[in-house]
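Residue numbers start from 1 in every chain, and the chains themselves are labelled A, B, ... in the order their sequence lines are given, proteins ahead of strands. Here the structure is a predicted model, which means the values were calculated and not measured.
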Amino acid sequence: QEGCAPKNSSGWDPEKGLQGTLSISGAFALYPLVVLWSEQFKEVHPHVRFNISAGGAGKGIADALTGMVDIGLVSRDIHQQEFERGGYVIHVARDAVVATVSDQNPNLGFLLRQGIKQDEFRRLFVDGTAAAWNQINPSFSDDDLHVYVRSDAAGAAETWAAYLGHSQEDLKGIGIFGDPGMAEAIQKNPHAIGFNNINYVYNIKTGKQFPGIRVVPIDLNGDGTLAPDENFYDNLDSLTNAVATGKYPSPPSRNLSFLVKGKPKDTVLIEFIKFVLTHESQSLLLENGYIPLNEEQLLEERTKLN
Amino acid sequence: MTQHPLIRVKDLNVHIDGHHILKNINISIPDKSVTSIIGPSGCGKTTLLKTFNRLLDDTANVTVSGSVLVDDEDIYAPEAEVTHIRKKMGLLSQRPYPLPMSIYDNVAYGPRIHGTRDKSTLDSIVEKQLKDTGLWDEVKDRLHGPANRLSIGQQQRLCLARGLAVKPEIILGDESTSALDPVSTHTIEDLFVRLKAQYTIVLVTHILRQARRISDYIVFVYMGEIVEFGPTDEVLLHPKEELTRQYVKGFIS
Amino acid sequence: MTQHPLIRVKDLNVHIDGHHILKNINISIPDKSVTSIIGPSGCGKTTLLKTFNRLLDDTANVTVSGSVLVDDEDIYAPEAEVTHIRKKMGLLSQRPYPLPMSIYDNVAYGPRIHGTRDKSTLDSIVEKQLKDTGLWDEVKDRLHGPANRLSIGQQQRLCLARGLAVKPEIILGDESTSALDPVSTHTIEDLFVRLKAQYTIVLVTHILRQARRISDYIVFVYMGEIVEFGPTDEVLLHPKEELTRQYVKGFIS
Amino acid sequence: MNFRIVKDKLIANVMLILSISSVSFVFLIGIGLYLRAAPLFEEHTLLSLFRGSNWAPSKNQFGFYPFIMGTLSVTLIAIVVALPLCLLTAIYLTEYAKPGIRKVMLPLMNILAGIPPVIYGVWGIFFVVPIVREYIAPQFMEYSSGYTVLTGGVVLAVMIFPILVSIVSEVLSTIPKELKDASLSLGATKWETIKKVVVKRARPGIVAAMVLAVSRAFGETIAVLMVCGNVPVAPTSVFDGGYPLPALIANNFGEMMSIPLYDSALMFAALLLFVIIFLFNLISRIILNRIEHKYSS
Amino acid sequence: MGIKRRKAEETIFKILMVMACLIVGSSLFLIVGTIVVKGVPYLTWDMVSKAPQGGFYIGKEGGVLNAIIGSLYVAGGATVLGLLISIPISIYLNIYLKGGSLLSKSAKLAYDVLFGIPSIVYGAFAFSIMIWLGVRASLLGGVIAVTLLIIPILVRTLDEVIATVPRELKHAALSLGATRWETARVILRQIKPGIYTAVLLSFGRGIGDVAAVLFTAGFSDNIPIYIDEPAATLPLAIFFQLSSPIPEVQGRAYASALILTLIILVIVIVSHILATKHKHKL
Ligand SMILES: Nc1ncnc2c1ncn2[C@@H]1O[C@H](COP(=O)(O)OP(=O)(O)OP(=O)(O)O)[C@@H](O)[C@H]1O
Ligand SMILES: Nc1ncnc2c1ncn2[C@@H]1O[C@H](COP(=O)(O)OP(=O)(O)OP(=O)(O)O)[C@@H](O)[C@H]1O
Ligand SMILES: [Mg+2]
Ligand SMILES: [Mg+2]
């Protein structure tokens, strides 16, 4: 039974059409999506084989840069050193990170009405000195303040930190493992604040926020109230719209990307990436809690292939 | 049998793994005397001694029925206090097993758990017991060395010393001299003879001469049954049963 | 000593843990005869037998110096082949240790590793050895039962049978009858006497009568030294050394 | 006949090679870790790595002190919790328990040895974190999130239960019955026999099992990192969060392995852990040898 | 110290022991209980009979057959490989070598150290070698990493058990002219229950570990057929599904954990049967 997998040469065959093998590895966040895409791609090009494995963004990058795989799946910013080693990045989807509190939070009313300013977030997550809510904003109650951050290295935390002008290691608070862990910890503690990827806050099917957890709006213009055009958190549609149109800033919205080594030349690879960048493929994103690229972004990414 | 019977065994039956090892044992062992159990290898002598001490208790697949009365107390009664019984009866097992400690600590083990803490008392107990068993000279320089480095014969005497140090009322010796040279054997036999003034002694032995030399009564066991029981000379010289006659023939001739 | 000396020991010294256990042993053990080693418990008899077989090799803190020649081959030479030597010499150890398998497999173990595979050959070897040692009747119904459930005396005979099944040229028996009743002892003694026609036999024994009955030569060991070595009657009846006289006194009187 | 001896010799040589190569494997790992950590030494002194308590790789600050303390405290708590419980359990199972209980418990241990650490972590979040937060911590302080070194230690303790109980029971069950009988017939109670004879005889094995369990505790990763808070600050009480070295490695390795200096720092963390485990084992082995020497036959 | 006090001491310790046993037992039962309670509702026949179809990880059709098979391959392969390596080593250290020789001492130390090295480090180590050799994440890589991980467990457990075999037994076999190897086989027979314990411990560790397979075995939805293909493993599938935002998928994580538990249960039972069968023969 055991032995080596058959190797087939990659390229175009007049009889079979596209044929070859694509190896992909990297971030868990993108893995389910890529699996879906590959299934659909195979319906059109049945002679293309996929080897997809998950193992973390760094693993994907390392694999791609050493030529072990064709595509590395990345859910965080690419570091300078990784570009220097030949990393070539094509964005394929967007995601957003939002601040979250429990719906039992004593300040929930205030929070929903006036939002939190960027520098207040900075005081919450980076300074780490505030012990009570009213030390952030005098109009809040004097309840204890508990700040939750991610204990595992995660794209979400990195992105949230980038929004505050820092990196993940600068975030101060109690470390919680994983996005689900964070959502649960927030639900259980009325005095806590944390952050999540949007798909852990909104029910994808209904578009509503999960019970027990609420998004903290960002007071984008810092005027102390939440204007209607800053308030798009009611359901998933309006939020993703805001992300797609750039109303919700980036970061904390972020790109999910493919990393390949050097500009792609292999036909199968290019075809697959092109396929991912079609509207049809992008439409899969929404129902999975991710946000499609908008028209300009799609164009921009496609030109990277030429 | 003029003396007061100290151990009374009634209708004792032992099954191991479905084999009937001891069959309908009924016997009264007299006080302050030496009783020897003789019989061919594998006839159940060791098993019999172990039932006196309830050492078969935690072996798998063993059932014991009947009763063993020691000082009129049934040791197989549910309320019987095993530790107490075992202290009263010192079993010297057939295969010597030194405890994993020094020679000194082996002998001091019993007195210590029974409450003797005083160093000099322990010292004198150890010395006395080792001298009694003729081991003192051989080991006095390495009392604190590991006991399992001793030769088998030395181990046997050590285990004797260890067993006697708790001053049991009843001594059950299972071939206690089997690994000993004539001189040491003599020492131990003398010891038993001296001890019988105060204690009740039950010995298993294969050496009929030894049985003759030191015992007052003899039990002959054959295939798990008691064939004959009586005063030494009667059993050895004028056996009533044909089986016994056969067995002691080598001795008589 | 008319016979050809089969085992020649030269200047053998054994130290264990810094204690000098065997001192300057020089002896030639004759072919096709029974040589008995006697001596008080702890004098080094077992150790001596073990050096013949290189069983001390893997014990920590043991140093052996001198040479042991078997058939003119020095078994302590660096190039000596231990397995071969051990097959040639069957050591029957003082404390019987059945291997963790059935009674049958215990006896068949040796023949099997030495190449006998045929079932019926093995069957007959097992039956013969068990009959020779007088165990057959006692165990024939449970040949495939575990060997460690046997009584000590049965174990001893089993280990004898197991050791003889290998057909060693030299038999080293360490108190091989110590746990046996007179009848079984007799069987084993007879066996040895029969075997000596073909084999060289070295026995350790404490029973001087037994030494007298079966052995041609006697070695008397005392505190790690050989005190006297000679034909049986000479050593037992007319000892040259005072120490020997003392030791065999019990026997003579 | 000769074939057997040749076979024996051949096997001996193969085994010798296996044994030696496995010993050198330790060196290989040590050297490998050192080489991969080496870039870090070009910019930092060893002392500053040990003593520094700031962890900010992007600002080139690599202080490992909090992680070392995190590792030590979580492991210590785990051992303090697990050791007495497991010893008593193993003794109970081998000596006192009815065969029925024994037959359930020992296989259960083996099943548990195979449950993935993630599940222990999840279990810790479900049960241990709330208990610490709601019931234990409030006795001592105002607020604790429940994600503390104590929680980590307890979860870790539960994780090493199987290995401790299994090995100790295995060792205890090999003590010959005759030895126990010898002590019992001197009038010792069963407990005295266990305390003074069984445990003594089994001591090398028990100590070895303990050493193994501690080693395992040092290295256990996922379950601990899920519950111990992972704050890179040296804990000052058991209700503080902590950040053990293995957690640091596991957290960041997959994400950051493509960044050279970060990678080196993680390999240095592994090297540190390696050294800690090595020293611990060396010391306990020296002690173990003393014991073995005293009681071996 | 009267008999009463001594009995009292025994009673106190007996109570402590029962309590310890209860604590250990109940914490362990709680873990299994959690898995059962949370996993049973999601445990369907599809879970064990199908590989993930497209969209399995967002709550659609499929199962974790790929991971079940991957795990069995990885843990089974590693256990067999590990036994082949570690039985000879522990025999060599205990039977061939003189007690207390330098090699045996340093080997034991080495294995204790290896035992404590986190599985992530084994994973990283194997991964470095794989990059160096140009081997990509695959079944083979996973088997190698897990083998490295469990060898110390096997060697040290076997070592401890062999050390308890009385020397007389070894001598008995040797003096029948058995070679050291044949003697070793007798001793292995004696310690068979210990071998089962060692195998179960290491198989368990191997099948349950995430970090060692994370980088080395990869993760793929295909049922692995070839040894150089990436293969999913159950713990990784659990780890991965647990982090999903979709409750359905999280539930399947517990169902997967339940499957894993059942696999181990089956193996425990089978080896128990083997062990008792052996005892009968003895
Ligand atoms: N480590 C040690 N330290 C000191 N003496 C030791 C050590 N190991 C063995 N001995 C001694 O070596 C001597 C020889 O032992 P051996 O077993 O050969 O005696 P033996 O003649 O067979 O006695 P027995 O008739 O009782 O079997 C004994 O006195 C024993 O105490
Ligand atoms: N599990 C078992 N199945 C069958 N027979 C058994 C079992 N266990 C013990 N026996 C038998 O019980 C009998 C009694 O054994 P015991 O040890 O009491 O004999 P003994 O008279 O002391 O013999 P020895 O003089 O050889 O020591 C032996 O024949 C032994 O084989
Ligand atoms: Mg007996
Ligand atoms: Mg001897």
What are the two closest non-hydrogen atoms of [X] and [Y], and how far apart are they?
| X | Y | value |
| --- | --- | --- |
| Leu266(D) | Leu248(D) | CD2-O, 3.8 Å |
| Leu271(D) | Gly30(D) | CD1-O, 3.8 Å |
| Ala223(D) | Val155(D) | CB-CG1, 4.0 Å |
| Leu164(D) | Ala209(D) | CD2-O, 3.8 Å |
| Pro88(E) | Leu83(E) | CD-O, 3.7 Å |
| Gly82(E) | Ile151(E) | CA-CG1, 4.1 Å |

Q: Kindly indicate, with the supporting measurements, whether the criterion side-chain hydrogen bond (donor to acceptor under 3.5 Å, both in side chains) is fulfilled by Tyr111(E) and Asn281(D).
A: CA-CA 10 Å; Tyr111(E) 280 105; Asn281(D) 277 290; over 6 Å; no
**Q.** Donor-acceptor under 3.5 Å (Asp209(E) side chain, Arg205(E) main chain)
**A.** no
(Q) Main chain of Ile187(E), side chain of Lys170(E): is a donor-acceptor contact present, judged purely on distance under 3.5 Å? (A) no
Where on [X] is there a heavy atom nearer than 4.5 Å to chain D: the side chain, the backbone, both, or neither?
| X | value |
| --- | --- |
| Phe239(E) | both |
| Leu234(E) | neither |
| Ile238(E) | side chain |
| Thr179(E) | both |
| Ile191(E) | neither |
| Phe203(E) | neither |
| Val32(E) | side chain |
| Leu260(E) | side chain |
| Val268(E) | side chain |

Find the one option among [options] whose heavy-atom pairs under 4.5 Å with chain E are most numerous.
| options | value |
| --- | --- |
| Val171(D), Ile101(D), Leu93(D), Val122(D) | Val122(D) |
| Leu108(D), Thr89(D), Ile175(D), Leu33(D) | Thr89(D) |
| Leu282(D), Ile163(D), Ile29(D) | Ile29(D) |
| Phe161(D), Tyr120(D), Phe280(D), Phe127(D) | Phe161(D) |
| Phe27(D), Phe218(D), Phe274(D) | Phe274(D) |
| Leu112(D), Val165(D), Val23(D) | Leu112(D) |

Please determine, among [options], the option with the most heavy-atom pairs under 4.5 Å with chain D.
| options | result |
| --- | --- |
| Ala163(E), Ala124(E), Ala257(E) | Ala124(E) |
| Leu242(E), Leu200(E), Ile35(E) | Leu200(E) |
| Ile117(E), Ile207(E), Thr11(E), Val161(E) | Ile117(E) |
| Ile153(E), Val24(E), Thr157(E) | Val24(E) |

Checking [X] against chain E: side chain, backbone, both or neither under 4.5 Å from a heavy atom?
| X | answer |
| --- | --- |
| Val211(D) | side chain |
| Ile167(D) | side chain |
| Ile111(D) | both |
| Ile276(D) | neither |
| Tyr96(D) | side chain |
| Lys7(D) | side chain |

Q: Report yes if some heavy atom in the side chain of Arg180(E) is under 4.5 Å from a heavy atom in the side chain of Met15(D); otherwise report no.
A: no
Q. Taking C-beta and beyond as the side chain, do Lys195(D) and Glu9(E) meet within less than 4.5 Å on heavy atoms?
A.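 Yes, side chains in contact.
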Q) Can you say whether the rings of Trp191(D) and Phe13(E) are parallel (under 30°), tilted (30 to 60°) or perpendicular (over 60°)? A) parallel
Q. Hey, is Glu10(E) close enough to Lys7(E) for a salt bridge, meaning N to O under 4.0 Å?
A.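 Counted as a salt bridge, because a side-chain N and a carboxylate O are separated by less than 4.0 Å.
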Q.
Does Arg185(E), at its CZ atom, have more than 12 non-hydrogen atoms belonging to other residues, nucleotides or ligands within less than 6.0 Å?
A.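 Not more than 12 within 6.0 Å, no.
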Q) What is the distance from atom OG1 of Thr75(D) to atom CD1 of Ile277(D), rounded to the nearest 0.5 Å? A)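 Nearest 0.5 Å value for the OG1-CD1 distance: 8.5 Å.
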